[in-house]
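Take a look at the structure set out below.
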Amino acid sequence: MSCLAVEGVTKSFGGLRAVDKVSFAIDDGELVGLIGPNGSGKTTLLNVVSGYERPDAGRVLLEGQPIHDRKPEQIAQAGLLRMFQLTRVFRRMSTVDNLLATGRALGLTHAQAAARAGQLLAELALERVRDLDAGQLSGGQQKLLEFGCCFMVPPRIALLDEPFAAVHPTMKEIMAGYIRVRHAEGQTFFIVSHDMPVIVELCTRTVCMNAGVVIADEETRAVLNDPVVIEAYLGGEAA
Ligand SMILES: Nc1ncnc2c1ncn2[C@@H]1O[C@H](COP(=O)(O)OP(=O)(O)OP(=O)(O)O)[C@@H](O)[C@H]1O
Ligand SMILES: [Mg+2]
């Protein structure tokens with residue numbers, strides 16, 4: 001059984017098919033990349049998978065259980081956690097309280113959440129800002145914090161939407177390092193990124209979307225060298 005299965009998912013906005021009959025599956029322990037030109041439907045796909053949008057057609061299964069009719073909180077509690085392209089943290093809560101609130105929402109006791117938060121603050125180099133309001137952190141630190149929230153309880157799968165965009169290289173390396181270590185321990189990931197060097201380094205397999213459709217899904221280097229993929233990017237830039 002796959003960790004995540006997306007079966008014939010379609011999502012339209014008015015006349016625009018942002019996601020068009022998309023199907024793929026991710027096995028437990030896989031680290032899969034998702035690439036595609038701007039506007040190709042990557043975020044919309046993540047929104048459907050994580051319950052923020054309802055699909056017009058198709059199904060999403062987490063460990064074999066249909067989740068496309070559940071609310072985002074229920075899907076998170078079932079073990080699918082995500083990070084947003086536009087960072088979402090509680091800006092008026094401290095860094096550590098953001099982590100604690102997430103842990104509590106996911107069923108940890110206060111003591112468990114505090115222990116886990118302490119660990120993550122150290123691993124993500126956020127100890128020095130633990131008591132600052134999240135709104136006072138740099139954009140990169142906010143991304144690191146949102147990233148940390150995804151791992152308060154090790155998820156069945158982590159969906160990350162452009163975690164490295166506009167992030168200082170030091171923080172990017174902290175996040176990439178954390179992903180590498182967790183992946184080696186068996187954590188499953190699905191990562192959207194325009195940063196091809198990072199995708200090549202981290203992901204063994206990559207899915208490429210263009211205009212709502214999956215145009216490639218295979219070993220990362222093969223995807224990046226696929227003429228259809230190259231054409232999609234060049235076509236996108238010229239448009
Ligand atoms: N809520 C919405 N209402 C109307 N159109 C939308 C909505 N969300 C997305 N779209 C459109 O759907 C298409 C896919 O957008 P989406 O954000 O999923 O692309 P993306 O691949 O994540 O792009 P990027 O790489 O720029 O983040 C775009 O044409 C976008 O304008
Ligand atoms: Mg996007």
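Counting convention: from 1, in listed order, for ligands and their atoms alike. Keep in mind that what you see is a predicted model, and the values were worked out from it rather than measured.
For atom 27 (O) of ligand 1, the closest non-hydrogen atom of the protein is Gln85 NE2, 2.8 Å. The nearest heavy-atom contact from the protein to atom 28 (C) of ligand 1 is Gly39 O, 3.9 Å. Annotation: atom 26 (O) of ligand 1 to nearest protein heavy atom, Asn38 ND2, 2.9 Å. The shortest contact between atom 31 (O) of ligand 1 and any protein heavy atom is with Leu16 CD2, 4.6 Å. Distance from atom 17 (O) of ligand 1 to its nearest protein heavy atom, with residue and atom name: Thr43 CB, 3.8 Å. In this structure, atom 6 (C) of ligand 1 lies nearest to the protein heavy atom Phe13 CD1, 3.2 Å. The protein atom (non-hydrogen) at minimum distance from atom 25 (O) of ligand 1 is Lys42 NZ, 2.7 Å.
Partners of Gln85 by side-chain hydrogen bond (donor to acceptor under 3.5 Å, both in side chains), not counting sequence neighbours, listed by chain and number: Thr43. Under the ring-ring contact (aromatic ring centres under 6.0 Å, His included) criterion, Tyr178 pairs with Phe147, Phe151, sequence neighbours left out.
The part of His194 lying near ligand 1 is the side chain, judged by heavy-atom distances below 4.0 Å.
Remark: Arg205 is not positioned above the aromatic ring of Phe24, lacking an NZ or CZ atom under 6.0 angstrom from the ring centre and at most 45 degrees off the axis.
Crowding of Arg221 atom CZ: a count of heavy atoms from other residues, nucleotides or ligands under 6.0 Å not exceeding 12.
The side chain to side chain contact (heavy atoms under 4.5 Å, CB included) test with Ser50 singles out one residue from Leu80, Val60, Asp161, and that residue is Leu80.
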*Under the side-chain contact (heavy atoms from CB on, under 4.5 Å) criterion, do Glu63 and Arg156 qualify, and how do the steps go?*
CA-CA 9 Å; Glu63 304 284 353; Arg156 286 176 183 273; 3.2 Å; yes
*Take Arg116 and Val153 through the test side-chain contact (heavy atoms from CB on, under 4.5 Å) and record every step on the way to the result.*
CA-CA 8 Å; Arg116 185 79 187 119; Val153 174; over 6 Å; no
*Residue pair Lys143, Glu146: steps toward the salt bridge (charged side-chain N to carboxylate O under 4.0 Å, His left out) verdict*: CA-CA 5 Å; Lys143 277 222 184 262; Glu146 192 187 3; 5.5 Å; no
*asked:* I'd like to know whether Val48 forms a side-chain contact (heavy atoms from CB on, under 4.5 Å) with Val22, so could you lay out the CA-CA distance, the side-chain angles of the two residues, the decisive distance to 0.1 Å, and finally the verdict.
replied: CA-CA 11 Å; Val48 170; Val22 165; over 6 Å; no
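No donor-acceptor distance shorter than 3.5 angstrom exists from the side chain of Thr95 to the backbone of Ala134, with no hydrogens or angles considered. Side chain of Ser23 to backbone of Glu7: no donor-acceptor contact under 3.5 angstrom is found.
Within the listing of ligand 1, atoms 9 (C), 14 (C), 15 (O), 16 (P), 18 (O) sit less than 4.0 angstrom from a heavy atom of Thr44. Numbered from 1 in the order shown, with element, the atoms of ligand 1 that lie under 4.0 Å from a heavy atom of Ser40 read 19 (O), 20 (P), 21 (O). Each of the following atoms of ligand 1 lies closer than 4.0 Å to a heavy atom of Glu162: 25 (O), 27 (O).
In this structure, atom 12 (O) of ligand 1 has protein heavy atoms in its sub-4.0 angstrom surroundings.
Protein atoms of type N/O/S that fall under 2.8 Å from the Mg ion (ligand 2) number 2 in this view.
Remark: ligand 1 and Gly36 share no N or O pair separated by less than 3.5 Å (distance only, no angle test).
The ring-ring contact (aromatic ring centres under 6.0 Å, His included) analysis of residues 110-139, with sequence neighbours excluded, yields no pairs.
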